[in-house]
Amino acid sequence: MGLLFIICYLSICPAMAQRMDNVAEHSKYIQAVDEYRPAPGQYVNDAPEYEAGDTEDDMIRKCTEHLAGDYKHTHVVALGGWGGYITFHFDHSIANLPGERDFAIWGNAYQEMKNLVFGGMNEAGIVMVSKDINGNGLPDDPWYEISGSCDVDSIGKVIYGYEVTYRQNPMGDIPWTDSRGDNGTIDRNHYHEQEYYPLWLPDNLTFKGTRLPDNMWNLSDQVDAGWSPYYYVLVGFRYGYADNLPNFTDSSDANSWNYEGCGIDISWAVDEQRQPVHLDFIDFVRVYTGLNQKCPQPEWWGETSTEIQCAEDLHLEASLDAIRQATGIQTMDQGQGIMDHGVYDLQGRRANVSLPNKILIQNRKKFIIK
Ligand SMILES: [Ca+2]
Ligand SMILES: [Ca+2]
Ligand SMILES: [Ca+2]
């Protein structure tokens with residue numbers, strides 16, 4: 001136990017401490033994107049735009065330019081068909097507050113205008129969370145899926161351990177095969193003339209995860225054919241996904257944030273056996289398209305693809321307070337009343353108080369100098 005504690009102490013705490021200062025210096029919004037691997041789709045290579053010669057790192061940087069910051073200054077990023085994903089982080093660890101939603105992901109879902117169903121353009125993305133256990137700032141630690149409402153509302157209809165592989169077919173429909181022996185295509189349309197296969201990624205892209213039950217209903221016979229000859233809707237799921245429910249509870253009120261519908265409680269995280277896991281903090285969030293379906297009309301909206309625009313910590317101050325309590329480390333400015341005597345490093349050696357970003361000890365209290 002003692003050794004474990006020391007390992008945890010050395011690996012987790014410095015990373016947390018470096019991501020924590022004063023509230024004013026922190027943002028509740030996405031700081032940067034770590035990974036971007038969309039599946040093929042009509043918005044891929046376009047949101048964000050691929051330019052000749054772009055590498056995967058270039059596309060990740062463009063995603064950061066789209067998604068970092070507040071809602072007014074961010075732009076939609078498309079994840080393409082089933083399985084396509086993005087991973088991002090904040091400038092601090094997000095705490096899991098008991099009984100509360102902890103972060104929200106904003107997309108472009110909306111309520112269909114005839115109010116025939118709950119939702120209408122809901123392209124649910126499955127959310128995953130991860131904690132930077134090894135403290136290296138990279139998303140290379142265990143991942144846990146957020147168990148959304150389909151797990152309880154659609155028992156027997158959710159496909160776990162699903163897998164899809166996409167093949168290149170330049171400027172043509174993109175073929176896919178799945179782990180159940182089915183196959184299909186992501187179809188081209190004349191609204192989007194660019195290549196649909198992510199041009200910076202290799203052929204045979206394979207994605208693994210959970211497939212949510214198809215949510216597309218054909219309600220064409222319920223609307224006036226003069227208004228629209230066909231009317232397809234994507235019905236919303238109750239909670240626990242991205243790009244599933246509208247960002248606002250009242251579409252005419254830009255302050256009516258839909259925290260209930262778009263918020264995620266870290267306590268919903270489950271392991272591969274779908275058993276709850278306890279996470280006190282998370283450092284990385286991943287979102288992948290959870291639906292594998294397309295609208296059959298060639299002139300309609302094609303494949304279902306999750307889009308996200310923004311994400312935020314719903315309780316920034318509480319996250320920072322929780323980090324302070326968890327680490328017991330105070331962040332100090334240079335010259336903030338630290339006397340240059342009786343200061344030690346973690347190995348118990350006399351230390352120079354001007355050492356930046358090192359955990360030091362004085363009077364049995366840990367602190368870190370910025
Ligand atoms: Ca929570
Ligand atoms: Ca890591
Ligand atoms: Ca969408």
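Just so you know, ligand 1 is whichever comes first in the structure, and atom 1 is the first atom listed for that ligand. Not measured: the values here are computed from a predicted model.
None of the N, O or S atoms belonging to Ile266 lies under 3.0 Å away from the Ca ion (ligand 1). For the Ca ion (ligand 3), the set of nearby N, O or S atoms under 3.0 Å includes one belonging to Asn108. Residue Leu138: an N/O/S atom is found under 3.0 Å from the Ca ion (ligand 2). Among the backbone and side-chain atoms of Asp283, no N/O/S atom is found under 3.0 Å from the Ca ion (ligand 2). Backbone or side-chain N, O or S atoms of Asn136 reach the Ca ion (ligand 2) at under 3.0 Å. Within the coordination shell of the Ca ion (ligand 1), defined by N, O or S atoms under 3.0 Å, Asn96 is present.
When distances from the Ca ion (ligand 3) to the N, O or S atoms of Asp243 are compared, OD2 comes out shortest. For Asp132, the N/O/S atom at the shortest distance from the Ca ion (ligand 2) is named OD1. Its N, O or S atom nearest to the Ca ion (ligand 2) is what matters here, and for Asp140 that atom is OD1. Take the N/O/S atoms of Glu307: the one nearest the Ca ion (ligand 3) is OE1. The N, O or S atom of Asp265 lying closest to the Ca ion (ligand 1) is OD1. Within Glu123, the N, O or S atom at minimum distance from the Ca ion (ligand 3) carries the name OE1. Nearest N/O/S atom of Asp141 relative to the Ca ion (ligand 2): this is OD2.
A donor-acceptor contact closer than 3.5 angstrom links the side chains of Asp187 and Thr185.
The aromatic rings of Phe90 and Phe88 sit perpendicular, their planes meeting at an angle over 60°, well past the 30° parallel limit.
For the pair OD1 of Asp102 and O of Glu100, the angle at the Ca ion (ligand 1) is about 80°; rounding is to 10 degrees.
Using a 4.5 Å cut-off on side-chain heavy atoms (C-beta onward), Phe103 and Ile282 make contact. Side-chain contact between Arg211 and Asp178 is present, with at least one heavy-atom pair separated by less than 4.5 Å. Between Arg350 and Tyr344, the closest side-chain pair of non-hydrogen atoms falls below 4.5 Å.
Under a cutoff of 6.0 Å and an axis angle of 45°, Arg101 and Tyr259 do not form a cation-pi pair.
If you look at Phe248 and Trp257, their ring centroids are closer than 6.0 Å. Aromatic ring centroids of Tyr36 and Trp200 lie under 6.0 Å apart.
Cluster annotation: Tyr241 and Val270 are assigned to distinct hydrophobic clusters (Ile/Leu/Val/Met/Phe/Trp/Tyr, side-chain heavy-atom contacts under 4.5 Å, transitive).
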